[in-house]
Amino acid sequence: MTSATLPKELDGKVVTPADPRYRLLRSTYTTVARPALVVLPQTTTDVVAALRYARDSGLPIAVRSGGHGLSGRSSNDGGVVIDVSGLNEVRVLDRRTRLVRVGAGARWAEVARDLASAGLAISSGDHGNVGVGGLAIAGGVGWLVRDYGLTIDHVRAAEVVLADGRVVRTDAEHEPDLFWAVRGAGAGVGVVTAFEIEATELRDIAVAQLTLAADPDGSTLSRWAEHLAQAPRRLSTAAMLMSDGRRAVLSLTAVYAGPDTGRMRKAVAPLLEIGTLLDQRAHRVPYSGLVSTAHLHPNLGQQPANTTNGLLPTMTPDAARAITAAVTGPRPALLQLRSVGGAVNDVAADATAYSHRDSDVLVVGTVFPPGDRATLDRIWRPVGAHTRGAYANFESCPDAAAFRRFYPGPTGDRVLATWRHHDPDGIFRSALYPSELS
Ligand SMILES: Cc1cc2nc3c(=O)[nH]c(=O)nc-3n(C[C@H](O)[C@H](O)[C@H](O)COP(=O)(O)OP(=O)(O)OC[C@H]3O[C@@H](n4cnc5c(N)ncnc54)[C@H](O)[C@@H]3O)c2cc1C
């Protein structure tokens, strides 16, 4: 396979195809892969050793936290996967300032569970099996997004193993360029082993689930977006728009960042009238009930899919019509709508590598087999025409053009400069954007 010798400290931490654990570790959420070996570091020193071995062996390197990345690039064929799932500590460093140390390999369900007893939460995403690493290096559009902002907006420091094996703790004062890139474009800087994140005081949240038939002219989506643009920030919503065979149906989850179901009902009331109401429920749950340990699973039984996304500064009538039409055409697609805005847009566009601080709506389009990328592109084109910029974590096929949507203009130039400075040989970015961003 290679003439490089496995370092002593990795004894028992390397999984080859002959190992029974290999079938649980080879693949990602979307993609079946065949790496030469998967290394399971238990410490930052192990990560350094794994990286040195991978570099000496000349094999391609993939870095994995939870394996939920849509592009499948946290595994590879014939290379070394550095799987940091063993670095999964969740520890409150300072209850007064709510500072929490979170290992990159923890799952967000574990973070929610472990912080619940302290009455704390970190807004991450909607799924408990997503890894801390992949989400917290790119954005984090979670259930509390309008109130809390993105996950990266609360990262106060990160520990990174750089391409040359140096371990760096970066924050606003130390290696500020690296810290800027870690928050939005972290996959190209090195292996992030841990984050320090400021959590928020939160125990229970009030949740409403609404199902509505969406008007074909787009007016349901327009009314949804109009309400969210001026609703209390404590209200965030995520919706799935799909066809029931006859019409577009909007399945909407509205989360109120607090336990008060009365206030939640008041904030949600206008949404009951944006389309024909088919079903509604409301309940109060601990935050950890929404980002649940019931989601935890190994990456088996892949769900292949093609996904892309775009951000809308505002939902214009034309955009609302195009989105609604996308799910009712001859080829079925699933569109997801996330309210962003609120606290996300309080942050300056150049403060982190996620620069889209003027958008109110994130639209995500997915096509499942037998639909392929060409099918998705066809369905997405009329929707994409209304979008400006995109979120790196909801793209299954990142290429050089997508890179410029994630990191437009000077942001992209600064991301590339930072990546090249810390990884001159491109060992990390070649795994992310093969041969396109040298
Ligand atoms: C079912 C599902 C639901 C989702 N819901 C949401 C949501 O609500 N909100 C949201 O914002 N996103 C959501 N996502 C997208 C999610 O944020 C990304 O897929 C994220 O990259 C997954 O992180 P991971 O660690 O599990 O992935 P991985 O596959 O392990 O990694 C993804 C990428 O990040 C890189 N990477 C991973 N760990 C590290 C590290 N420690 N250091 C450096 N680079 C690293 C990998 O190399 C890879 O390129 C969802 C995805 C899925 C599949």
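These figures come from a predicted structure and were not determined experimentally. Note that ligands are numbered from 1 as they come in the structure, with each ligand's atoms numbered from 1 the same way.
For R357 and D153, the salt-bridge test passes: some basic side-chain N is under 4.0 Å from an acidic carboxylate O.
Every atom of ligand 1 is numbered from 1 in the order shown, and the set under 4.0 Å from a heavy atom of A187 is 44 (N). Close contacts between ligand 1 and G140 involve ligand atoms 11 (O) [criterion: under 4.0 Å to a heavy atom].
The closest approach between G142 and ligand 1 stays at or above 4.0 Å for every heavy atom of the residue. Assignment of F394 to the shell around ligand 1 is supported, since a heavy atom sits closer than 4.0 Å. Proximity of W143 to ligand 1 is not established, as no heavy-atom distance is less than 4.0 Å. For the ligand labelled ligand 1, residue T28 lies outside the 4.0 Å heavy-atom shell.
Less than 4.0 angstrom separates atom 46 (C) of ligand 1 from at least one non-hydrogen atom of the protein.
T30 and Q302 are not linked by any side-chain donor-acceptor pair at a separation below 3.5 angstrom, with hydrogens and angles left out of the test.
Here the shortest heavy-atom distance to atom 53 (C) of ligand 1, taken over R107, E395, H68, belongs to H68.
Of the heavy atoms in L432, only side-chain atoms (C-beta onward) come closer than 4.0 Å to ligand 1.
Remark: of the listed residues H295, R338, Q336, R338 is the sole one forming a side-chain hydrogen bond (donor to acceptor under 3.5 Å, both in side chains) with D126.
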